[in-house]
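Because the structure is a prediction, the values reported are computed rather than measured.
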Amino acid sequence: MEGIEHRVIKANGINIHVAEKGKGPVILFLHGFPELWYTWRNQITAFASLGYRALAPDLRGFGETEAPDDASTYTSLHVVGDLIALLDVVAADQDQVFVVGHDWGALIAWWLCMFRPDRVKALVNMSVAFNPRNPNMKPLEGLRALYGDDYYICRFQEPGVIEAEFREMGYERVLKGFLTYRDPCPLLIPKGKYFGQPDTPISLPSWFSEEDCKYYLSQYEKKGFTGGLNYYRNINLNWQLTAPWTGSKIKVPVKFIVGDQDLTYNAPGIKDYLHKGSLKKNVPLLEEVVMMEGVAHFLHEEKPDEVNKHIHDFFNKF
């Protein structure tokens, strides 16, 4: 963590916390749920030493970034608006930046490239592939039909319900359960029957320590999970708002990385979509799909050196 600077920037009407280190071309790192800027700790230090300026914000609603009360202000347009405004302040000298995304951060990165390709030099995205908008099916209804009401995204929809369950379970168990999740099967969270509750200990892997958990816990104890959950609560609203981009392709250079044990990689139809040319049709400048064996969802933490090399090799071309 040494040398990582923290500051709060007023951008797009909210206060955004950003961690940064290094000088040179900017790499914007975008985290997922229930992550924070901290998930990129191994990347920030590595890329600063390689001659880049690493920027890792807490996204809207997370960590030390402001969390507006209105749940409908967590759409793709709001969050991409945050990023453009943030870059206008902290990277005003660079017309384009490199971007790295994971989980929800990957979704946000796809939207950033769709809405403002002029601002992105190249993208490395992880875990969540670009999924073109289906004008005939609202995404939440599609997920519910496929996985049922206990699927985690469906369970996150009703404001206050899952928050109360998380409080009852204890935030430490919730964070350990999510942030060390390695099951390639769909994430189902039937009430009272997930993450080994009530009393099965969760053993931590070598790449996620008690100290790491304590940092996450210190942040989530301040403001809870609602800000992050609001991203899921806007899935259908995002679908409505992005109607003008139906059929749009991602037109920036891309490398996509996923672990073979990631639940996203094992979703129905995804392997064929990634490896048989369909992703390439929607992302014409896709240069490579990397499938890492024996690696699960949090690949950039589980195998930081390998992932850093993949990112560096790609960005080095530009």
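- In terms of the side-chain contact (heavy atoms from CB on, under 4.5 Å) criterion, residue partners of H17 (sequence neighbours excluded) are, by chain and number, H6, V8, W37, D58, E64, T65.
- Pairs engaging residues 242-260 under the salt bridge (Lys or Arg N to Asp or Glu O under 4.0 Å) rule: K255-E288 [sequence neighbours left out].
- For the side-chain contact (heavy atoms from CB on, under 4.5 Å) test, residues two or more places apart in sequence or in another chain that qualify with L285 are P253.
- Qualifying side-chain contact (heavy atoms from CB on, under 4.5 Å) partners for K303, counting only residues two or more places apart in sequence or in other chains: M292, V295, E306.
- For R182, the salt bridge (charged side-chain N to carboxylate O under 4.0 Å, His left out) partners two or more places apart in sequence, or in a different chain, are E302.
- Partners of E66 by side-chain hydrogen bond (donor to acceptor under 3.5 Å, both in side chains), not counting sequence neighbours, listed by chain and number: N15.
- By the 6.0 Å contact criterion, CD on E287 is enclosed, its count of non-hydrogen atoms from other residues, nucleotides or ligands being greater than 12.
- The salt bridge (charged side-chain N to carboxylate O under 4.0 Å, His left out) check on K309 picks up D313, with sequence neighbours excluded.
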Could you go through residues 117-129 and list every donor-acceptor pair under 3.5 Å that involves a side-chain atom there, pairing it with any protein atom two or more places apart or in another chain?
unit_1 : atom_1 : unit_2 : atom_2 : d
D118   : OD1    : R116   : NE     : 3.0
D118   : OD2    : R116   : NH2    : 2.9
R119   : NE     : D95    : O      : 3.3
R119   : NH1    : D88    : OD1    : 3.1
R119   : NH2    : D88    : OD1    : 3.0
N125   : OD1    : G101   : N      : 3.3
N125   : ND2    : A106   : O      : 3.0
S127   : OG     : H102   : NE2    : 3.4
S127   : OG     : D262   : OD2    : 2.7
S127   : OG     : H297   : O      : 3.3

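- Among residue pairs with one or both ends in residues 23-50, those qualifying as salt bridge (Lys or Arg N to Asp or Glu O under 4.0 Å) are R41-D212, R41-E301; sequence neighbours excluded.
- Salt bridge R144/D149: present, at least one basic N to carboxylate O contact under 4.0 Å.
- Between R53 and E20, at least one side-chain nitrogen of the basic residue sits less than 4.0 Å from a carboxylate oxygen of the acidic one, meeting the salt-bridge criterion.
- In terms of the side-chain contact (heavy atoms from CB on, under 4.5 Å) criterion, residue partners of D272 (sequence neighbours excluded) are, by chain and number, K276.
- Within the structure, no pair that satisfies the salt bridge (Lys or Arg N to Asp or Glu O under 4.0 Å) test touches residues 98-114, not counting sequence neighbours.
- Among pairs with a residue in residues 121-149, those fulfilling ring pair (Phe, Tyr, Trp, His ring centres under 6.0 Å) read W110-F130, Y147-Y151, at least two apart in sequence or across chains.
- A salt bridge links K176 with E172: the closest approach of a Lys/Arg side-chain nitrogen to an acidic carboxylate oxygen falls below 4.0 angstrom.
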